[in-house]
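Side chains included, hydrogens not; waters and symmetry mates left out as well; all remaining heavy atoms used. Just so we're clear, the structure is a prediction, and the values are computed from it rather than from any experiment.
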Amino acid sequence: MLTSRSIERAGPSGEDTRRHPESWYAATAPHPPAANPLRESVITEYCVVGGGFAGLGAALRLAQSGKEVRLIEAGPIGWGASGRNGGQVHIGWNKEQPWLEKHLGKPAAHAMWDIALAARANLDTLLALDPDHCEFRPGHIHADHKRGFVAETRAHVAHMREEYGYDALRAVDGDEIRTLVASANYHGGSVDAGGGHLHPLKLALGMARAAVAAGAKLHPHSPCLSIERDGKAWRITTPQGTIRAHKVLMATGGYAKGLLGEVDAHVLPINNYIATTAPLDPARAAALIAGNRAVSDSRFVVYYFRVTSDHRLLFGGGESYSYAMPADIAGFVRPHMLRIFPQLHDVAIDHAWGGTLAITPQRLPYVREVQPNLWACNGFSGVGVVLAPYLGAALGEAMAGIESAAFESLRRLPAPRFPGGPLLRWPTMVAALSFFALRDRL
């Protein structure tokens, strides 16, 4: 039987929620703003469940608008995917613009691109909250791991330049990709000067400090155990307190299975894993990736990597489709890393960690008012560093009755449920995801 104390300590994957996982991010991040768990029953106008990018974006915008808002988080602020991800700054969505044009029509696709650009501009504003700009470095490389993908990438680049006027993106051939990434694994790709990489936990903590300064009340170590209608309001129960709020945002990512059935039907959690090497000689580190850019590749289970400010390779690779994580995450990630950089066979791994991210059937965020005065913002499907803070802010505006063009566009997106219903949804999707992962190795 779970007691309230054990619930406070164990997340959905059995992880300890009292502290951040032992990642390179946690080892190099500043202290979070002073905040206490919820230990009383309170009434507030707005409540945000989830202390990641989306939840913090909403709380910050609501507080800046003069609204009374409380945010609860199961662990420390930024404990989930927002504080553990690859730190890759992508511009756009998990689906490329031609797909959006085909399925939504050109006007809606252009509106989605405008949202993506606004989200990128919003990120610059948030980076300014941190003294070292969250270690942001410009430049993102997309690398094609199969020759047959190179022509598709060239066509995509041409389309983005001609249809959307996005000149920051350019194609690269096989010779150039090998000067950009010191690996024989790639055959071409593209470079986006508007992308880049950053320290995501510093970004989350900077947003938290700004939200507190604007008047928001943050409650870490306060997992939501239930949410129920209470007259015209909502009652959110935590192990040591309750919140009665008129309007609520659920921004829990992949960490709230079973809390809200409507979200469970549209959002599936998967685990992904990252490791950082021991510090490299600066020249050796710089030789791995030209210009200190970020890299992600064309695999279905994407490899993503970059060099950190202290000259480590940070490498993400491999995923699993359950809450349980490998006992040896470093051993799990290392073969993937050596597939790309065999020259690092002699280098030790200093940090290795995993995290749970949320995907949707069409890999587009699930943004809805699921019941009157109850909103959901989840399922960023691996591209949340730029989008989640901005869309969280857009949800905050919608909750406050402020007109939000971004929310209006997103609530019209198709939002299919995962097939199979509550019992078969998980095994059906595991089978499908495993098939596509197998194709990466063929």
**Request:** Take H197 and R306, measure what side-chain hydrogen bond (donor to acceptor under 3.5 Å, both in side chains) needs, and give me the verdict at the end.
**Result:** CA-CA 8 Å; H197 59 96; R306 60 194 182 89; 3.0 Å; yes
**Message:** Before we go on, tell me: are the rings of F418 and H266 under 6.0 Å apart, centre to centre?
**Reply:** no
**Prompt:** Are the charged groups of E45 and K247 less than 4.0 angstrom apart, N to O?
**Reply:** no
**Message:** If we count only N and O atoms by modelled type, under 3.5 Å, do the side chains of E163 and H110 hold a donor and an acceptor together?
**Reply:** yes
**Request:** Output yes when a side-chain donor or acceptor of T277 lies under 3.5 Å from a complementary backbone atom of L313, and no otherwise.
**Result:** yes
**Request:** Decide if the gap between the ring center of Y303 and the ring center of H336 is smaller than 6.0 angstrom.
**Result:** yes
**Prompt:** For Y46 and E68, does a side-chain donor sit closer than 3.5 Å to a side-chain acceptor?
**Reply:** no
**Request:** Measure the spacing between OG of S23 and CD1 of I274 and express it to the nearest 0.5 Å.
**Result:** 8.5 Å
**Fill in**
Distance col, row N122:CG vs I115:CD1, nearest 0.5 angstrom, shows 12.5 Å
**Asked** Are L314 and Y25 close enough that some pair of their side-chain heavy atoms sits under 4.5 Å apart?
**Response** yes
**Message:** Distance to the ring centre below 6.0 angstrom and angle to the axis at most 45 degrees; does that hold for R84 and W79?
**Reply:** yes
**Prompt:** Where is the tightest heavy-atom contact between L203 and V385, given as atom of each residue plus distance?
**Reply:** CD2-O, 4.4 Å
**Prompt:** Are H351 and T276 close enough, and set up right, to give a side-chain hydrogen bond (donor to acceptor under 3.5 Å, both in side chains), and what steps lead you there?
**Reply:** CA-CA 5 Å; H351 310 88; T276 55; 2.9 Å; yes
**Asked** Cut-off 3.5 Å, side chains only: do Q88 and H140 have a donor facing an acceptor?
**Response** yes
**Message:** Out of the candidates L198, V307, N292, only one should pair with R137 under the side chain to side chain contact (heavy atoms under 4.5 Å, CB included) rule; please name it.
**Reply:** N292
**Prompt:** How far apart are the C-alpha atoms of W353 and W24, what are their side-chain angles, what is the distance that settles it, and do they pass the side chain to side chain contact (heavy atoms under 4.5 Å, CB included) test?
**Reply:** CA-CA 9 Å; W353 66 97; W24 178 78; 4.1 Å; yes
**Fill in**
In this structure, CG of D132 is separated from OG of S309 (nearest 0.5 Å) by 8.0 Å
**Asked** Going through the checks in order, is the side chain to side chain contact (heavy atoms under 4.5 Å, CB included) test met by M207 and F53?
**Response** CA-CA 8 Å; M207 294 175 67; F53 292 147; 4.1 Å; yes
**Request:** Look only at the side chain of S298 and the backbone of H145, and say whether a donor-acceptor pair between them is shorter than 3.5 Å.
**Result:** yes
**Prompt:** So does R411 pair up with E369, basic N to acidic O under 4.0 Å?
**Reply:** no
**Prompt:** What is the minimum heavy-atom distance between L127 and C134, and which atoms define it?
**Reply:** CD2-CB, 3.8 Å
**Request:** Write down the atom of T360, the atom of V267, and the distance for their closest heavy-atom approach.
**Result:** CG2-CG2, 4.3 Å
**Request:** Look at the rings of W113 and Y166 and say which category their plane angle falls in: under 30° parallel, 30 to 60° tilted, over 60° perpendicular.
**Result:** perpendicular
**Asked** Side chains of R312 and D350: does their closest heavy-atom pair fall under 4.5 Å?
**Response** yes
**Message:** Assess, by modelled atom type and distance only, whether the side chains of Q240 and H221 contain a donor and an acceptor separated by less than 3.5 Å.
**Reply:** no
**Prompt:** Ion pair present between R244 and D230, side-chain N to carboxylate O less than 4.0 angstrom?
**Reply:** yes
**Message:** Working to the nearest 0.5 angstrom, can you tell me the gap between E73 CD and S82 OG?
**Reply:** 8.5 Å
**Request:** Test V89 against R120 for side chain to side chain contact (heavy atoms under 4.5 Å, CB included), laying out the working first.
**Result:** CA-CA 9 Å; V89 173; R120 179 64 185 83; 3.9 Å; yes
**Message:** Tell me if a side-chain donor or acceptor on T238 pairs with a main-chain N or O of G241 at a distance below 3.5 Å.
**Reply:** yes
**Message:** Would you compute the distance between atom OG of S409 and atom CG of D114 and round it to the nearest 0.5 angstrom?
**Reply:** 8.5 Å
**Asked** Would you find a donor on one side and an acceptor on the other, under 3.5 Å apart, between the side chain of N378 and the backbone of A251?
**Response** no
**Item:** Residue pair S190 / H142, side-chain donor-acceptor N/O under 3.5 Å
**Value:** no
**Asked** Does L260 reach the side chain of D264, with side-chain heavy atoms less than 4.5 Å apart?
**Response** no
**Message:** For P76 versus T17, what's the shortest heavy-atom pair and its separation?
**Reply:** CD-O, 3.2 Å
**Message:** Could you tell me if the side chain of L357 sits less than 4.5 Å from the side chain of P269, heavy atoms only?
**Reply:** no
**Item:** Other residues, nucleotides, ligands: >12 heavy atoms within 6.0 Å of E403 CD
**Value:** no
**Axial cation check for W99 ring with K102, 6.0 Å and 45° limits** = no
**Request:** Determine whether V386 and I91 make a side-chain contact, defined as any pair of heavy atoms from C-beta on separated by less than 4.5 Å.
**Result:** no
**Closest non-hydrogen atom pair between L391 and P365, with its separation** = CD1-CG, 4.1 Å
**Message:** If you count every heavy atom of other residues, nucleotides or ligands that lies below 6.0 Å from E22 atom CD, does the total exceed 12?
**Reply:** no
**Message:** Between T237 and T242, does the side-chain hydrogen bond (donor to acceptor under 3.5 Å, both in side chains) criterion hold? Intermediate values first, please.
**Reply:** CA-CA 5 Å; T237 302; T242 61; over 6 Å; no
**Request:** Work out which heavy atom in R293 is nearest to a heavy atom in P138; give both atom names and the distance.
**Result:** CG-O, 4.1 Å
**Item:** Check: C377 and L249 side chains under 4.5 Å, non-hydrogen atoms
**Value:** yes
**Prompt:** Would H219 and R70 satisfy side-chain hydrogen bond (donor to acceptor under 3.5 Å, both in side chains), going step by step from the backbone distance to the final call?
**Reply:** CA-CA 7 Å; H219 298 289; R70 289 180 184 258; 2.8 Å; yes
**Request:** Describe, in one word, how the ring planes of Y273 and F332 are oriented to each other, choosing from parallel (under 30°), tilted (30 to 60°) and perpendicular (over 60°).
**Result:** perpendicular
**Message:** Less than 4.0 angstrom from a charged side-chain N to a carboxylate O is my criterion; do E262 and R368 meet it?
**Reply:** no
**Prompt:** Mind checking whether L56 and L71 have side chains closer than 4.5 Å, heavy atoms only?
**Reply:** yes
**Asked** Y304 and D297: side-chain donor and acceptor closer than 3.5 Å?
**Response** no
**Item:** side chain to side chain contact (heavy atoms under 4.5 Å, CB included) between I141 and I289, worked out
**Value:** CA-CA 9 Å; I141 298 167; I289 306 167; 4.3 Å; yes
**Distance-only donor-acceptor check, side chains T28 and H199, under 3.5 Å** = yes
**Complete:** The reported gap from CZ in F380 to CH2 in W93 (rounded to nearest 0.5 angstrom) is 8.0 Å
**Item:** Charged N-O contact under 4.0 Å between D130 and R209
**Value:** yes
**Asked** Just wondering, do M250 and I227 contact through their side chains at under 4.5 Å, heavy atoms?
**Response** yes
